[in-house]
Amino acid sequence: MTTPDPRLAKLSLNQMTTRSWSVREAVDGCVRAGIPAIGLWREPVAEIGVAAAAKAVADAGLRVSSLCRGGFLTASGDAGRAALDDNRRAIDEAAGLGTDCLVLVVGGLPDASRDLRGARQRMADAVAELAPYAGERGVRLALEPLHPMYCADRAVLSTLGQALDLAEQFPVDQIGIVVDTFHIWWDPDVWAQIARAGARIASFQVCDFLTPLPADVLLGRGMMGDGHIEFAPYQQAVAAAGYTGDTEVEIFNADVWATDPDQVLATMKQRYVDLVLEG
């Protein structure tokens with residue numbers, strides 16, 4: 001690894017930002033860039049296996065800030081039971097990778113359903129079933145509220161307040177929340193909810209909100225500074241709430257994915273220092 005820059009001590013590359021890279025390529029890229037942590041995704045981890053991925057990270061002297069993702073817990077019947085089984089596997093994978101944070105995108109409405117209240121209840125029931133299993137394995141389930149435009153297909157949790165209302169029903173070492181600037185920057189209650197979250201903050205993720213949104217709104221996440229979000233107040237707010245973990249840069253964006261990943265990391269580091277840390 002290059003000589004450590006103390007300003008980057010809490011910076012993490014979420015693997016999706018450099019989507020074309022395998023686990024080993026992303027680990028090597030972090031080493032070249034002097035980035036000390038990585039947020040892994042289950043699919044590329046599965047390509048080499050949990051043990052090999054954990055070894056690659058450890059051998060490089062990095063840490064795993066989170067594993068993405070579990071969730072999609074709103075189905076009923078056989079599909080609901082299959083989702084629980086998959087989430088138990090995800091919990092085991094997180095433990096095997098040495099991270100205590102499994103990010104949950106909780107799921108939207110099942111196909112052809114308009115029963116939002118029912119979907120939210122099934123999700124809450126599933127979280128209740130999974131929480132003890134996670135806690136026994138030293139893993140915390142991190143509920144991620146998504147921007148309301150994703151409520152129908154990805155997450156029936158849309159605000160930090162909703163996520164905290166659910167999380168607070170469980171021990172803090174079992175259920176936490178994710179503060180992701182892309183998803184919550186619009187919320188006028190966001191500052192009070194971050195302060196309320198306190199020790200529940202399990203992950204802090206940053207990227208920008210772009211307009212106009214692309215046809216696939218999932219890809220509307222941009223590099224910090226390319227959109228509408230002022231980042232330093234969020235960094236300050238989570239720190240004031242007691243969060244001492246990593247700041248993950250997680251970007252879904254076709255142009256970013258088409259850029260040389262090493263250049264993406266160089267830009268990411270500079271924007272992190274200039275806009276997230278210093279504002």
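FYI, side chains are in, hydrogens and waters are out, and symmetry mates aren't considered; it's all heavy atoms of this structure.
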Might you point out which heavy atoms bring Thr74 and Arg122 nearest each other, and give the distance in Å? O-NE, 2.6 Å
Do the side-chain N and O atoms of His147 and Ser158 include a donor-acceptor pair separated by under 3.5 angstrom? no
Ring pair (Phe, Tyr, Trp, His ring centres under 6.0 Å), paired with Phe209, selected from Phe182, Phe231, Trp186: Phe182
With Leu130 as reference, evaluate Leu141, Val139, Leu102, Ile175 under the side-chain contact (heavy atoms from CB on, under 4.5 Å) test and give the passing residue. Leu141
Would you find a donor on one side and an acceptor on the other, under 3.5 Å apart, between the side chain of Asn87 and the backbone of Gly71? yes
Joint hydrophobic cluster, Ile194 plus Val103, side-chain heavy atoms closer than 4.5 Å: no
Could you measure the distance from the CD atom of Gln121 to the CG atom of Leu116? Nearest 0.5 Å is fine. 12.0 Å
Under 4.5 Å between side-chain heavy atoms, counting indirect links through other Ile/Leu/Val/Met/Phe/Trp/Tyr residues: same cluster for Phe252 and Val178 or not? no
Between Asp5 and Lys269, does any NZ, NE, NH1 or NH2 come within less than 4.0 Å of an OD or OE carboxylate oxygen? no
Should Val190 and Thr159 be marked as a side-chain contact (heavy atoms from CB on, under 4.5 Å) after you check the CA-CA gap, both sets of side-chain angles, and the distance that decides it? CA-CA 8 Å; Val190 67; Thr159 68; over 6 Å; no
Any donor-acceptor pair under 3.5 Å linking the side-chain atoms of Thr247 with those of Gln235? yes
Short question: side chain of Thr267, backbone of Gln263 - any donor-acceptor pair under 3.5 Å? yes
Donor-acceptor pair, side chain of Asp208 and main chain of Gly225, under 3.5 angstrom: yes
Linking I/L/V/M/F/W/Y whenever their side-chain heavy atoms sit closer than 4.5 Å, directly or via other members, would Trp257 and Leu210 fall into one cluster? no
Applying salt bridge (Lys or Arg N to Asp or Glu O under 4.0 Å) to Asp92 and Arg89, what does each step give before you reach the verdict? CA-CA 5 Å; Asp92 293 340; Arg89 288 191 292 271; over 6 Å; no
